[in-house]
Trainee: 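Once you've had a glance at the structure underneath, I'll fire off some questions.
We name chains A, B, ... by the order of the sequence lines, and we start the count at 1 in each one. Only heavy atoms go into these numbers, but all of them, side chains included; no hydrogens, no water, no symmetry mates. Fair warning: this is a prediction, and the values are worked out from it, not measured in the lab.
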Amino acid sequence: MNIIIPIKQVPETSNVKMDKETGTMIREGVVSVINPLDLYAIEAGIQLKEQFGGKVTVFTMGPQAATKALKEAIAMGCDEGILISDRKFAGADTWATSYTLSEAIKHIGEYDLVIAGERATDGDTGQVGPGIAAWLDIPLATYVSKIDEVTKDSITVERLVEDGYQILQMPLPALLTVIKEISNPRLPTLRGKKKARVSEVPVMSAEDLKLEESYIGLKGSPTKVVKIGYPKVTRGGKIVKAAGDEGVNEAVEGLIKFLEAKELI
Amino acid sequence: MSYIWTIAEQSKGKLRDVSFELLSRGRKLADKMDTKLCSVLLGNNVTDETLQELIYRGADEVYYIEDARLENFIVETYSKVLSDLIKEYHPHSILAAATSSGRTLMPHVAIHVKTGLTADCTELDIEEGTNNLLQTRPAIGGNIMATIKTPDHRPQMATVRPKSSRPLPLDKSRVGKIIRVALKDELVDSRVKMVGFRKDVEEFVNIEEAEVVVSGGKGMKKQENFVLLRDLAKHFDGVLGASRDAVDRGWLPYPHQVGLSGKTVSPKLYICAGISGSIQHLAGIKTSEYIVAINQDPDANIFQLADFGIVGNLFEVIPKLNARLEAYKKEAK
């Protein structure tokens with residue numbers, strides 16, 4: 001089973017602190033990591049390979065520095081990494097990005113499954129996975145929480161929806177976007193790290209992929225960002241201390257008054 | 001034609017609330033442009049009475065495509081049907097819900113009709129002069145707000161989160177047209193089949209569509225203690241949420257997880273106890289209307305975002321709060 005996994009490098013946010021004065025995120029010293037939700041896709045891909053054989057190819061669109069994310073994925077157990085990199089890709093929205101990634105997948109070659117994270121934690125749109133499936137015209141299942149069955153030419157998966165889990169069966173090749181329930185990502189092994197260190201990561205440009213220039217980068221993007229604002233996220237609400245019996249009673253009373261005033265009770 | 005469309009959603013023939021929320025957003029835009037507001041619904045066995053409610057709640061026209069093959073959401077077929085309608089009617093803008101189906105359908109359609117799509121918009125407006133749809137959305141965990149336009153492609157498409165706007169009141173004096181569109185056989189994609197549906201999770205809740213969410217984190221200490229929050233939630237007809245820590249410890253299943261690797265919620269009231277407020281958790285609750293936090297640590301991040309915060313021991317505060325709410329209800333009677 002040949003599996004292709006598109007990943008993204010995003011700013012690491014788990015240890016980020018808030019600036020109490022401005023109420024915004026402190027971004028200095030923030031390092032880049034594999035999008036945390038892509039780790040579930042990588043793990044799911046490696047598990048399928050372990051079960052059915054084949055190859056897992058991981059790739060990303062980004063600057064040269066994104067090679068680091070690909071090497072991390074190889075250290076976890078992916079077989080190959082490919083970097084799609086070109087200045088012309090700058091400013092791509094989800095439409096242009098999914099075009100570029102779908103062409104890269106065609107270029108990588110024969111595959112049975114594309115597995116993507118549900119969304120990236122920076123852009124937070126979740127649009128690229130479904131977009132790639134539309135470009136490739138292959139069946140799509142989003143929010144996949146479990147793979148029930150894989151046969152030579154089909155896959156059965158469960159997807160989390162508002163009121164339960166929808167169970168879908170589809171022919172291969174197909175594209176899945178996966179959520180946290182699908183897998184528990186492994187840590188890279190020492191052997192994996194050694195392999196990653198010596199792995200060559202080929203780089204492909206727009207020209208290598210023979211891309212339609214009017215479909216890539218900022219020029220190929222239907223959406224344009226016209227304004228960026230940095231909202232103050234702090235609310236400056238009322239904070240009360242509940243110490244001792246009396247204090248707890250007062251705090252509860254205060255909360256009741258608040259709920260009353262806002263017509264929440 | 002330069003109409004505004006909303007994509008209504010149904011489940012087993014019943015409309016989901018978000019269909020009406022989209023109409024209240026769409027109504028403002030249509031009025032500003034002095035154009036019509038249309039609601040599009042794909043489904044099966046939806047009664048005229050149900051369709052009529054879309055008109056009572058803001059729509060001027062309803063396009064209803066009915067077929068047994070549209071009963072369940074299968075993105076390939078839905079995408080072909082919607083793309084075909086767009087090519088025939090040329091709407092100005094389309095608003096859809098940021099639900100499991102809307103978030104799957106719209107990016108698929110965007111590729112087919114070659115236009116832009118903006119996810120999870122919190123504000124929508126019409127630009128004077130150009131009639132461009134101004135779409136404002138949070139990104140990078142809510143730390144930036146980006147305003148986005150689709151200047152050269154039509155339709156302009158956006159998704160908005162459930163519960164981020166209120167439906168318009170039912171106005172039975174409103175009149176409108178219900179247009180039934182036949183499903184063309186060639187648009188049915190039969191590659192993907194729904195072979196089952198599982199709802200065996202205990203307390204399956206849809207936290208994204210709840211008016212009130214009561215969440216617990218690491219500070220709840222053990223699973224049994226969630227009974228406190230369950231009681232609290234009952235006073236508001238709310239549902240239980242959880243931080244990533246609580247879900248990773250197995251105290252509540254994943255569908256309850258709030259935050260960047262779980263669900264983003266926009267309830268009217270979000271109450272959290274024993275949650276310190278990681279950036280990821282805050283990103284998932286920022287669009288809540290009111291936030292109440294109970295935590296022992298006065299320096300916890302969560303208090304930055306709280307409208308009302310109680311610094312104290314939740315095991316002392318919540319039982320008293322529950323008792324007080326019980327008494328309050330009796331007084332009110």
Trainee: What part of B:Glu76 gets closer than 4.5 Å to chain A, counting heavy atoms only: side chain, backbone, both or neither?
Mentor: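 The side chain, not the backbone.
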Trainee: Check the orientation of A:Phe258 and B:Phe308. Use parallel for under 30°, tilted for 30 to 60°, and perpendicular for over 60°.
Mentor: tilted
Trainee: Top residue by heavy-atom pair count (under 4.5 Å) with chain A, among B:Arg244, B:His235, B:Gln156, B:His112?
Mentor: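 Option with the top pair count is B:Arg244.
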Trainee: Under 4.5 Å from any heavy atom of chain B, what part of A:Ser98 do you find: side chain, backbone, both or neither?
Mentor: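 Side chain of A:Ser98 only, per the 4.5 Å heavy-atom cut-off to chain B.
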Trainee: If I measure from the heavy atoms of chain B, does A:Pro139 come under 4.5 Å with its side chain, its backbone, both, or neither?
Mentor: both
Trainee: Could you look at B:Ile207 and say if it's the side chain, the backbone, both or neither that has a heavy atom under 4.5 Å from chain A?
Mentor: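 Neither; nothing under 4.5 Å.
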Trainee: Please flag which part of B:Gln257 lies under 4.5 Å from any non-hydrogen atom of chain A: side chain, backbone, both or neither.
Mentor: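 When you check distances to chain A, only side chain atoms of B:Gln257 fall under 4.5 Å.
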Trainee: At a 4.5 Å cut-off on heavy atoms, which part of B:Glu289 comes close to chain A: side chain, backbone, both, or neither?
Mentor: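 Contact with chain A involves the backbone of B:Glu289 alone.
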Trainee: Heavy-atom distance under 4.5 Å to chain A: side chain of B:Phe236, backbone, both or neither?
Mentor: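 Side chain only.
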Trainee: Pick from B:Arg191, B:His108, B:His153, B:Lys193: which one has the most heavy-atom pairs with chain A under 4.5 Å?
Mentor: B:Arg191
Trainee: Within residues 237-252 of chain A, which positions have a heavy-atom distance to chain B below 4.5 Å?
Mentor: A:Gly237, A:Lys238, A:Ile239, A:Val240, A:Lys241, A:Ala242, A:Asp245, A:Val248, A:Asn249, A:Ala251, A:Val252
Trainee: Is chain B contacted by the side chain of A:Tyr40, its backbone, both, or neither, given a heavy-atom distance below 4.5 Å?
Mentor: side chain
Trainee: Is it the side chain or the backbone of B:Val192 that comes within 4.5 Å of chain A heavy atoms, both, or neither?
Mentor: both
Trainee: What parts of residues 218-225 of chain A touch chain B if we use heavy atoms and a cut-off under 4.5 Å?
Mentor: A:Pro222, A:Thr223, A:Lys224, A:Val225
Trainee: Is the shortest side-chain heavy-atom distance between A:Thr121 and B:Gln280 below 4.5 Å?
Mentor: no
Trainee: Taking every non-hydrogen pair under 4.5 Å, which of A:Arg159, A:Gln127, A:Glu260, A:Glu253 racks up the most with chain B?
Mentor: A:Gln127
Trainee: Which bit of A:Ile256 comes within less than 4.5 Å of chain B, counting heavy atoms only: side chain, backbone, both or neither?
Mentor: side chain
Trainee: Name all residues meeting the salt bridge (Lys or Arg N to Asp or Glu O under 4.0 Å) criterion together with A:Lys106; count only those two or more places apart in sequence or in a different chain, and write none if there are none.
Mentor: A:Glu103
Trainee: Among A:Gly236, A:Ser145, A:Ala133, A:Pro130, which residue has the highest count of heavy-atom pairs closer than 4.5 Å to chain B?
Mentor: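 Most heavy-atom pairs within the cutoff with chain B belong to A:Pro130.
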Trainee: Is A:Leu259 in contact with chain B via its backbone, its side chain, both, or neither, using a 4.5 Å heavy-atom distance?
Mentor: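 Just the side chain, heavy atoms under 4.5 Å.
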Trainee: Which one, B:Gly312, B:Pro107, B:Ala306, leads in non-hydrogen pairs under 4.5 Å with chain A?
Mentor: B:Pro107
Trainee: Among the options B:Asn72, B:Val212, B:Ile291, pick out the one with the most heavy-atom pairs lying under 4.5 Å from chain A.
Mentor: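 Heavy-atom pairs under 4.5 Å are most numerous for B:Ile291.
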Trainee: Taking side chain as everything from C-beta outward and backbone as N, CA, C, O, which of these in A:Leu37 sits under 4.5 Å from a heavy atom of chain B? Side chain, backbone, both or neither.
Mentor: side chain
Trainee: Considering only heavy atoms and a distance below 4.5 Å, find which of B:Thr136, B:Leu134, B:Ile148 pairs most often with chain A.
Mentor: B:Ile148
Trainee: Could you give the distance from CG (A:Leu160) to CG (B:Asn206), rounded to the nearest 0.5 Å?
Mentor: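 It comes to 9.0 Å.
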Trainee: Any side-chain heavy atom of A:Asp163 sitting closer than 4.5 Å to one from B:Ser11?
Mentor: yes
Trainee: B:Val75 versus chain A, heavy atoms under 4.5 Å apart: side chain, backbone, both or neither?
Mentor: side chain
Trainee: So which part of B:Val109 gets closer than 4.5 Å to some heavy atom of chain A, the side chain, the backbone, both or neither?
Mentor: neither
Trainee: Filter on salt bridge (Lys or Arg N to Asp or Glu O under 4.0 Å), then keep only pairs touching residues 112-121 of chain B, sequence neighbours left out; what's left?
Mentor: B:Arg103-B:Asp120, B:Asp120-B:Arg161
Trainee: Could you check whether any side-chain heavy atom of B:Phe197 comes within less than 4.5 Å of a side-chain heavy atom of A:Ile167, counting everything from C-beta outward?
Mentor: no
Trainee: B:Asp152, B:Ile111, B:Thr150, B:Val311: which one forms the most heavy-atom pairs within less than 4.5 Å of chain A?
Mentor: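 Most heavy-atom pairs under 4.5 Å with chain A: B:Ile111.
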Trainee: Given a strict heavy-atom distance threshold of 4.5 Å, which part of A:Leu39 is in contact with chain B: side chain, backbone, both, or neither?
Mentor: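 No part of A:Leu39 comes within 4.5 Å of chain B.
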